[in-house]
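Keep in mind it's a predicted model, so treat the numbers as computed, not measured.
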Amino acid sequence: MNAHRNRAQKRLVWRKIAVYAPLFFLLGVAQCSFFNNLSFISAVPDVVLGALTAVAMFDTQRTAAVCAVGAGAMIDAMGSSGISLCPVAFLVAALICSEISKKILPSFLSWPLMLIPAALTKSVFTLLNIYLMAGAQSFSVILKTILLPELIFTLIFSLPLFFIVRPCARLAQARSKFKV
């Protein structure tokens, strides 16, 4: 009985890897190449963070944490500038969103409420990265030119990810307190 249970758990882990890894890879490539080169926006929207927030909403906290560290390392490897804080920022955001998801239903109306603390958490780490790399800067200039545009565009471009991650969570047999 115990051996069968272990095999089932291993299959579930591999299923989640098979579903979430390509999703985060494609979104990471899109974020680091396509969104990075859009000239009409002044900051790069963090669509990987948006997908991570959805995983935190639909799956377990452990799955969200593993996806956060993996996705953060991938973003740093793909050409993130500055100190490698992305895994830590994503992990903190995933843990915060996992705790929030315990209190709300997984509906599209609650989706923007989940994105706001995740994007704000990432903004804190972006600010920390700027200060560590560039030294003393005017906070108002950083807020106006980097933090607010990044926050707004992350929220806008992450909204459709609800409809992409939800079926992925079904494929991955997400285990949360509610039926995905």
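Contact of the Cys97 side chain with the Met57 side chain is not registered, since no non-hydrogen atoms from C-beta on lie closer than 4.5 Å. Ile164 has its side chain within reach of Leu161: a pair of non-hydrogen atoms, C-beta onward, lies under 4.5 Å apart.
When all heavy atoms of Ile146 and Ala43 are compared, the closest pair comes out as O-CB, 4.0 Å. Smallest separation of non-hydrogen atoms from Ser158 and Gly50: OG-CA, 3.5 Å.
Separation of the Phe139 and Tyr131 ring centroids does not fall under the 6.0 Å cut-off.
Linking Ile, Leu, Val, Met, Phe, Trp and Tyr whenever their side-chain heavy atoms come within less than 4.5 Å leaves Leu95 and Phe24 in two separate clusters. Under a hydrophobic clustering in which Ile, Leu, Val, Met, Phe, Trp and Tyr are joined whenever their side-chain heavy atoms come within less than 4.5 Å, directly or via other members, Val13 and Val19 fall into different clusters. With hydrophobic clusters built from ILVMFWY side chains whose heavy atoms lie under 4.5 angstrom apart, Leu120 shares a cluster with Leu85. One hydrophobic cluster holds both Ile104 and Phe162 under the rule that ILVMFWY side chains link at heavy-atom gaps under 4.5 Å. In this structure, Leu113 is not a member of the same hydrophobic cluster as Phe58, with clusters built from ILVMFWY side-chain heavy atoms closer than 4.5 Å.
Applying the ring-ring contact (aromatic ring centres under 6.0 Å, His included) rule to Phe35 yields the partners Phe157; only residues at least two apart in sequence or on another chain are considered. The side-chain contact (heavy atoms from CB on, under 4.5 Å) check on Thr63 picks up Lys16, Tyr20, Val55, Asp59, Thr60, Cys67, with sequence neighbours excluded.
With 3.5 Å as the limit, one finds no donor-acceptor pair spanning the side chains of Asn36 and Gln31.
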